[in-house]
Amino acid sequence: MPYTELAALLTAGEVGTLQVEDGGGRLVGSLKTPLPDGASRVSATLPSRAVSLQDLERWGAAGTVVEVSSSDPNRSASQWLQAFLLLSAVGVVGFVFYRQSSVAMGHRFQATAPSRQLTMQSVGGAREAQADLGDVIAFLRDPQRFRAVGARCPKGVLLVGPPGTGKTLLARAVAGEAGVPVIVAAGSDFNEMYVGVGAGRVRTLARRAREQAPCIVFIDEFDSLGGRRGRPNRSGEEEVTLNQLLVEMDGMGGNEGVVWMAATNREDMLDPAVRRPGRFDRVVEVPLPTAADRLEILRIHAEQSPLGDDVDLERLAQLTVGHSGAELANLLNEAAIVAVQDDETHIHARHIEAARDKILLGRIRSGVVVSDDERRLIAIHEAGHAVVGLVACPEDRLHKVTIEPRGRSLGAAHFAPEADRHLYPRHYLEGIIAKALGGRAAELVFLGEEHVTSGAGSDLVQATSIARRMVAEFGMSSEVGLMSADPSAHGGHLSAQFQSRIDTAVHKLLEAQMKRAEELVRQYQGAVQAIADALLAHDVVVAADIHALAEEHGVPLSPLNAGTRERDLVVA
Ligand code: ADP
Ligand code: MG
Ligand code: ZN
């Protein structure tokens with residue numbers, strides 16, 4: 001019936017129950033008394049959502065029971081949901097095909113634009129690596145010359161070294177020097193859970209390389225692709241991918257002019273097959289930079305940033321033993337950021353120092369409230385490290401001592417080795433252990449057994465791990481003697497008895513150095529107290545001041561430490 005008639009019945013109170021359906025688009029009423037034609041159920045349609053809450057209330061007041069059925073709108077919502085799910089399923093399938101298709105591969109394995117290429121000028125240090133790569137460069141520049149005398153070019157070069165030592169940089173520099181394109185891929189580009197995708201990508205890469213030849217293919221983080229086959233956690237899919245790579249390399253006769261380069265910091269993880277002749281048969285070591293290398297690297301990276309007169313890069317190079325090229329670049333970058341925040345146009349020594357602290361120890365945590373009691377404890381602890389370190393580790397130069405809470409530490413005594421070391425004499429290692437235990441020793445002497453704190457936790461980790469290596473690797477204990485604990489020397493398995501001998505020896509070594517540290521703190525108690533007081537007064541005490549205080553209280557200083565009396569020690 002038309003809506004007007006139904007509305008009249010509603011107003012007359014003739015409708016017993018009224019169902020509002022379809023979100024207000026349809027009304028179905030049961031009449032109290034049937035119509036003349038016998039019908040007791042009537043319905044009317046009206047524009048969707050035309051029924052308002054007021055209407056419902058009005059009809060209710062007229063004696064009608066109003067039910068709003070929610071089934072219809074709901075059904076349409078669930079239809080939407082179904083449609084959505086179907087569409088997304090189609091989308092996922094499509095995406096998978098897209099990723100496998102050559103459309104997506106078009107963006108992958110593109111050669112680096114010549115304008116972005118580097119030369120060896122941007123690589124500091126790494127002398128041997130640069131020399132080793134010389135003939136690769138010569139070959140790529142003029143492959144004909146090599147072919148004329150029947151010489152095969154190195155087909156694969158493996159760059160091996162710790163992270164951040166410039167392996168990627170070297171590969172790009174080789175390409176730049178030779179003036180050829182470089183196609184960069186990462187080992188993880190080939191890791192894919194779908195069967196055959198990884199191998200397909202290797203084929204794509206090889207095809208690209210042939211098209212571009214002469215060129216360099218550089219595979220970074222190679223271990224995730226070239227890892228040992230048959231390892232327990234290696235999937236069959238990864239092996240297929242590696243096999244495909246080896247097949248592609250073997251298939252190139254050496255006169256296509258494609259040089260494969262790969263970088264890894266885990267040479268031991270690589271499958272031996274990778275290193276066969278005709279594959280990655282040339283290994284170029286890229287070690288951590290030496291002091292002279294670090295200076296070169298710092299100079300290269302300092303070129304873009306204006307340095308203040310007070311910055312001494314030579315001194316900084318000495319202070320950064322063990323830093324990789326990437327870490328040095330990062331240090332200068334952080335210093336530049338600090339300088340900008342400081343509203344300076346030049347990077348000054350204090351900016352570099354702040355950047356070093358931030359990187360080594362984390363930011364100053366201004367939110368940390370350290371009580372006066374705690375500050376006193378920390379000052380004593382750090383002063384203990386400093387004094388014991390000065391005496392027991394005369395080879396290392398003290399840099400500064402702080403009690404600023406930073407990152408996870410509450411304070412620190414910074415020492416820097418004077419030179420790069422390759423061999424560690426026993427007395428040096430023992431000195432390092434004593435220095436690490438110096439904090440706890442000072443707590444013990446100044447506060448007593450009952451009051452030692454948890455502050456020595458990480459010191460103990462350091463001391464223990466050095467002691468364990470002395471015992472188990474370097475043959476420096478009488479209990480274990482010259483027996484190495486390397487499992488490979490024991491058929492893969494150490495006896496429980498042997499392990500307990502190691503534990504005993506480690507324990508004894510730590511005890512001895514603890515005793516030594518404690519004696520040193522007692523002997524130079526005045527110096528520890530004076531340095532602690534200075535720390536409480538200034539938060540940071542630089543080397544020159546520590547040396548003066550130590551000397552005043554009779555601490556013998558090594559020439560190394562005594563030599564740094566000038567007050568404005570660079571980067572201090
Ligand atoms: P790796 O590949 O060995 O992990 P990278 O080549 O990626 O190291 O180095 C990262 C960054 O660190 C480089 O882009 C460069 O800025 C800097 N760097 C590393 N080593 C050197 C170096 N020997 N000379 C100059 N810069 C370096
Ligand atoms: Mg790299
Ligand atoms: Zn400590």
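One-based numbering, in listed order, for ligands and for the atoms of each.
To the nearest 10 degrees, the angle centred on the Zn ion (ligand 3) between NE2 in His385 and NE2 in His381 reads 90°.
When non-hydrogen atoms are compared, ligand 1 lies under 4.0 Å from the backbone of Leu169 as well as from its side chain.
Sparse packing is recorded around NE2 of His507, with 12 or fewer heavy atoms of other residues, nucleotides or ligands lying under 6.0 Å away. Atom CD of Glu449 has 12 or fewer heavy atoms from other residues, nucleotides or ligands within 6.0 Å. For Arg376, the CZ atom counts as loosely surrounded, since its 6.0 Å shell holds 12 or fewer non-hydrogen atoms of other residues, nucleotides or ligands.
Residue, atom and distance of the protein heavy atom nearest to atom 4 (O) of ligand 1 are Gly164 N, 2.7 Å. The protein heavy-atom contact nearest to atom 26 (N) of ligand 1 is His301 NE2, 2.9 Å. Atom 18 (N) of ligand 1 has its closest protein heavy atom at Gly325 C, 3.6 Å. Among protein heavy atoms, atom 2 (O) of ligand 1 sits closest to Thr168 OG1, 2.6 Å. Of the protein's non-hydrogen atoms, the one nearest atom 8 (O) of ligand 1 is Gly166 N, 3.2 Å.
Residue Leu159 is tested with Val286, Asn265, Thr264 for a side-chain contact (heavy atoms from CB on, under 4.5 Å); the sole match is Val286. Shown are Asn333, Leu316, Ile300, Ile297; of these, the side-chain contact (heavy atoms from CB on, under 4.5 Å) with Leu328 is made only by Ile297.
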Practice problem: Quick one: do Asp503 and Arg468 satisfy salt bridge (charged side-chain N to carboxylate O under 4.0 Å, His left out)? Show the steps, please. | Solution: CA-CA 8 Å; Asp503 287 345; Arg468 177 165 289 277; 2.7 Å; yes

Exercise. Could you give me the CA-CA distance, side-chain angles and deciding distance for Asp271 and Arg276, then say whether salt bridge (charged side-chain N to carboxylate O under 4.0 Å, His left out) is met?
Key: CA-CA 10 Å; Asp271 196 290; Arg276 294 235 187 87; over 6 Å; no

Practice problem: Test salt bridge (charged side-chain N to carboxylate O under 4.0 Å, His left out) on Lys515 and Glu511 and set out the steps. | Solution: CA-CA 6 Å; Lys515 193 154 157 274; Glu511 288 288 297; over 6 Å; no

Quiz prompt | Full working for ring pair (Phe, Tyr, Trp, His ring centres under 6.0 Å) between Phe280 and Phe222 | solution = CA-CA 11 Å; Phe280 290 100; Phe222 185 57; 5.0 Å; yes

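Counting only distance, with no hydrogens or angles, the side chain of Arg201 and the backbone of Asp189 share a donor-acceptor pair below 3.5 Å.
Heavy-atom separations between Glu296 and ligand 1 are all 4.0 Å or longer. Residue contacts with ligand 1 include Pro163, since one of its heavy atoms falls under 4.0 Å from the ligand.
For the Mg ion (ligand 2), protein N, O or S atoms closer than 2.8 Å were enumerated as Thr168 OG1, with waters left out.
For the residues Ala326, Ser122, Gly124, the heavy atom positioned nearest atom 10 (C) of ligand 1 is part of Ala326.
The Zn ion (ligand 3) has an N, O or S atom of Asp459 closer than 2.8 Å.
Ring-plane geometry between His385 and His381 is classed as perpendicular, the angle between the planes exceeding 60 degrees on a 0 to 90 degree scale with a lower cut at 30.
Heavy-atom contacts of Val123 reach the following atoms of ligand 1: 23 (N), 24 (N) (cutoff under 4.0 Å).
When every heavy atom of Ala129 is checked against every heavy atom of Leu170, the shortest pair comes out as CB-CD1, 3.8 Å.
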